[in-house]
There are 2 protein chains.
Amino acid sequence: MKIGIKDIAKQANVSIGTVDRVLHNRGEVAKSTREQVLSIIDELGYTPNLLAKSLASKTKYTISALIPDPASNAYWQKPFAGIKAAAVEIKKFNFELQIAYFDYSNENSFIKKTDEILSSNPNGFIFAPVFYKSSLDVIEKCDQLELPYVFIDVFIENCKNLAYFGQNSAQSGYLAARLMNLSINQAVSHIYIVKPLNPSAPVYHLSLREKGFTTYFSEQTSNQAILHSLDVDISSPAVLFESLDTIFSSNHKPFGLFVANSRVHLVASYFEENKIKNVVLIGYDLLQENVEYLEKGIIQFLICQKPEEQGYKSVFALFTHLFLKDPVKKLNFSPIDIIMKENIEYYKNFKI
Amino acid sequence: MKIGIKDIAKQANVSIGTVDRVLHNRGEVAKSTREQVLSIIDELGYTPNLLAKSLASKTKYTISALIPDPASNAYWQKPFAGIKAAAVEIKKFNFELQIAYFDYSNENSFIKKTDEILSSNPNGFIFAPVFYKSSLDVIEKCDQLELPYVFIDVFIENCKNLAYFGQNSAQSGYLAARLMNLSINQAVSHIYIVKPLNPSAPVYHLSLREKGFTTYFSEQTSNQAILHSLDVDISSPAVLFESLDTIFSSNHKPFGLFVANSRVHLVASYFEENKIKNVVLIGYDLLQENVEYLEKGIIQFLICQKPEEQGYKSVFALFTHLFLKDPVKKLNFSPIDIIMKENIEYYKNFKI
DNA sequence: TTGCATTCCGTTAGCGCACACGGCAAATAT
DNA sequence: ATATTTGCCGTGTGCGCTAACGGAATGCAA
């Protein structure tokens, strides 16, 4: 016996119209009847039938999402897929999703797109605040417009964001270091932290991951590892390979390389070409190319963060807030998955 | 512009009643109009509005689930939680879930409960076929009744089950061996495979996991590991501890222990009490006690299989089949999660 | 007293679908 | 010829809710 507005109306000696008005703060209701109805709602424990609600409701919701262009950034195809999957699911509740892209190495494109989105008056906004300063402007505007916004991938502190979905970057670097250390069985080992950079693109995650990595080793008392940090420009592969040449011909021969983002496949291709073996290679994310090198045994570990899920859940957070009007957890860290050749099989497919 | 039955009716010059009849194979429709309607449904790409459907529909569905009693088996609390979570979600679609329990070490309780469930005529059935022979009987009855059934946790081959949700046990043992091997840096290492047994309870998973574990080491050419298999009775802790005493006082001092199920915390408590250090301990599942020993550093690795998700998805498979009438993937292996002290934080909470 | 806001509230038409009911014509029986 | 069955199909109601519309009661000014 589910309680409906009809039951409330009967109990309160009013019509369903009045009940509806107090439920939605619409129209005018006498204070006394309003309180009467509210108390009965509370007493009977009324919860709306969402199916009937969205069937009858004519109000449409629009959610905008702004992420780096997946066409030129393989990683972002995954949050993109998650967002699209969620979009399909909430379409039946009159939710429309508009996805826009910006150029990861061009702050102006980010600014321009946010302006466009905000002037289209969406009901919710999901974005990756990779450019700190510009993002602060966006955040201020959202706060003024009382537009709920969700951070994805990158986290900015002290904001009124509805939620954040992403990884604890420092901790993932810390874990990578543990895995690297586990693989060490030599007296003295040179470890290289490789940061594949795109000039003019943000490096926020990279430095956090590096920090976590170095922190781990600094905590080890019986530590025989010597860390080297290496920034490489990946705008052309040649430059990257040259840097790697330098390392491998130096007298600090690498025992392991920690590549701080998903470009680890570039390093792996260098390994393959130069027949480098017995060097531990750890990187990030289940890009197709990375998966292949993991299966070949060239990459030993991939750290993954369920990016599809991040996209999916970002959308759902706004749905929960706007439609269900339920509270949303603000800080949502993705699991830090450890992927090896032996368990990759069960992580390949994205499904919710 | 979503296509509804009204649109189809108009296009086919019939009433919505007729459209409804061909959609549900109900009532009598002339063959010619039936084909006409069907072709238009196909042409316009009609998909029913599930919200309106379940709002209007009066048919109730009952799903029964039968699992080992969570009260006496900590592991099964997790699939149980997943099943309950799914039950809440599909309640609005007129689905009711009835959960029954059996005694893991008493085959008769399993038989009795299945009889009860089958005579209650549910629309779908989820169960853990841990007792092979009795399960075959159940399966035969389900097939006769044309009752769709889903296996959870344990898989039986060559059945017409709608789906299976569980882990690839052998592969998880294989992965555990890889992790053990990774931790080995000694010339010759004695490794113990511990199988914590409950007399008269099934041991299916245990042997598969052991098999995977030994397979890995047999494949290693430069293998310095010597494996020992150890069955221990855990009906009383004293017996277990005695067995462990024997190992640790032998002249094959363990380098590592692989405990093939979630009882690894029992072994960990022995380690703690006897101040055993530098012995690699690998086990299964995120039971609260296991988590604590992992955080203390006594357990190094926990292999996890997202049991809540298995429960959740089992229910959803039946929902998909019964309500959406969509095809369901038959073989669904859970990921084999590697949990360490450094990433446990992000696996603790179950959320879909 | 009449006129006209204002405040409050009931009524009603859908939303897309399921399903019972009943109707009309052709086929068959009496 | 009329009565009855049968095949086929349209209509109407309601699921629980939203939201527009309009009506009754009250207050206040002219």
Side-chain angles (χ1 to χ4, degrees), chain A residues 1-38 40-41 44-61 90-96 123 322-325, chain B residues 1-38 40-41 44-61 90-96 123 322-325:
Chain A
M1 272 296 90
K2 189 83 193 312
I3 303 294
I5 58 171
K6 224 187 308 187
D7 302 299
I8 299 171
K10 203 183 296 170
Q11 194 83 3
N13 274 322
V14 293
S15 73
I16 62 165
T18 304
V19 175
D20 186 66
R21 257 169 301 235
V22 340
L23 280 172
H24 299 87
N25 297 313
R26 184 164 44 80
E28 309 289 330
V29 182
K31 194 180 286 181
S32 62
T33 57
R34 178 184 160 78
E35 280 164 4
Q36 163 75 350
V37 169
L38 280 176
I40 288 179
I41 286 174
L44 299 187
Y46 167 77
T47 52
N49 182 327
L50 297 182
L51 304 188
K53 176 172 176 151
S54 67
L55 188 64
S57 176
K58 300 202 174 314
T59 58
K60 312 273 180 195
Y61 296 89
I90 62 176
K91 197 175 173 184
K92 44 175 167 283
F93 295 98
N94 290 327
F95 273 72
E96 196 198 349
N123 303 102
L322 292 170
F323 192 81
L324 308 180
K325 307 204 190 307
Chain B
M1 273 300 90
K2 188 83 192 312
I3 303 293
I5 57 171
K6 223 187 308 186
D7 302 299
I8 299 172
K10 202 183 297 170
Q11 194 81 4
N13 274 322
V14 293
S15 73
I16 61 166
T18 304
V19 176
D20 185 67
R21 249 160 291 191
V22 339
L23 280 172
H24 299 86
N25 296 314
R26 186 161 40 81
E28 310 288 330
V29 182
K31 195 181 284 182
S32 62
T33 56
R34 178 184 160 77
E35 280 164 6
Q36 163 76 349
V37 169
L38 280 176
I40 287 180
I41 285 175
L44 299 186
Y46 167 77
T47 52
N49 183 326
L50 297 181
L51 305 187
K53 177 173 176 151
S54 67
L55 188 64
S57 174
K58 299 204 172 314
T59 58
K60 312 272 181 197
Y61 296 89
I90 62 175
K91 198 174 171 184
K92 43 173 166 284
F93 295 98
N94 290 326
F95 272 73
E96 195 198 350
N123 303 101
L322 292 170
F323 192 80
L324 307 181
K325 305 199 192 312

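Per chain, numbering begins at 1; letters A, B, ... match sequence-line order. Hydrogens, waters and symmetry mates play no part in the numbers below; they use all other heavy atoms, side chains included.
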Intermediate values then yes/no, side-chain contact (heavy atoms from CB on, under 4.5 Å), B:Lys53 and B:Asn49 = CA-CA 6 Å; B:Lys53 177 173 176 151; B:Asn49 183 326; over 6 Å; no
Quickly work out the [X] [atom1] to [N] [atom2] distance and round it to whole Å.
X        : N      : atom1 : atom2 : value
A:Lys10  : D:dG16 : NZ    : P     : 11 Å
B:Gln36  : D:dC9  : CD    : P     : 11 Å
B:Glu35  : D:dC8  : CD    : P     : 13 Å
A:Asn49  : C:dC15 : CG    : P     : 18 Å
A:Phe323 : D:dT18 : CZ    : C1'   : 11 Å
A:Leu55  : C:dA18 : CG    : P     : 12 Å
A:Arg21  : D:dT18 : CZ    : P     : 12 Å
A:Ile5   : C:dC9  : CD1   : P     : 16 Å

task = Using heavy atoms to find the nearest nucleotide of DNA chain D for B:Lys58 and B:Arg34 separately, return the residue whose nucleotide is more 5′.
result =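 Its nearest nucleotide lies further toward 5', so the answer is B:Arg34.
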message = Quick check on DNA chain D: between A:Ser54 and B:Val19, whose nearest nucleotide comes earlier from the 5' end?
response = B:Val19
Of the options [options], whose atoms approach the side-chain atoms of [X] most closely?
X       : options               : answer
B:Glu28 : C:dC17, D:dC8, C:dC15 : D:dC8
B:Ala56 : D:dC9, D:dT11, C:dG16 : C:dG16
B:Thr18 : D:dT18, D:dC9, D:dG16 : D:dC9

inquiry  = With side-chain contact (heavy atoms from CB on, under 4.5 Å) as the criterion, how do A:Tyr61 and A:Ile90 come out once you've worked through the C-alpha distance, each side chain's angles and the decisive distance to 0.1 Å?
reply    = CA-CA 10 Å; A:Tyr61 296 89; A:Ile90 62 176; over 6 Å; no
Taking only the side-chain nitrogens and oxygens of [X], find out if one of them lies under 4.0 Å from OP1 or OP2 of [N].
X       : N      : result
A:Thr33 : C:dC9  : yes
A:Lys6  : D:dC15 : yes
B:Ser15 : D:dG10 : yes
A:His24 : D:dT18 : yes
A:Thr59 : D:dT18 : no

query = Across the strands shown, which category fits A:Ile16 at heavy-atom distances under 4.0 angstrom: base, sugar-phosphate, nothing?
reply = base
request  = Report which part of the nucleic acid B:Gly4 touches: base, sugar-phosphate, or nothing (heavy-atom distance under 4.0 Å, all strands).
outcome  = sugar-phosphate
request  = For A:Lys2, look at atom NZ and say whether over 12 heavy atoms of other residues, nucleotides or ligands are found less than 6.0 Å away.
outcome  = yes
inquiry  = Nearest heavy atom decides the nucleotide; on that basis, is A:Ala30 or B:Leu50 closer to the 5' end of DNA chain C?
reply    = A:Ala30
inquiry  = Checking A:Lys10 against A:Lys6 for the side-chain contact (heavy atoms from CB on, under 4.5 Å) test, could you report, in this order, the C-alpha distance in whole Å, the side-chain angles of both residues, the deciding distance, and whether it holds?
reply    = CA-CA 6 Å; A:Lys10 203 183 296 170; A:Lys6 224 187 308 187; 5.9 Å; no
Audit row: A:Ile8, A:Val14, side-chain contact (heavy atoms from CB on, under 4.5 Å) steps and yes/no = CA-CA 8 Å; A:Ile8 299 171; A:Val14 293; over 6 Å; no
Minimum heavy-atom distance between B:Asn94 and B:Ser54, given as atom pair plus value = ND2-O, 3.5 Å
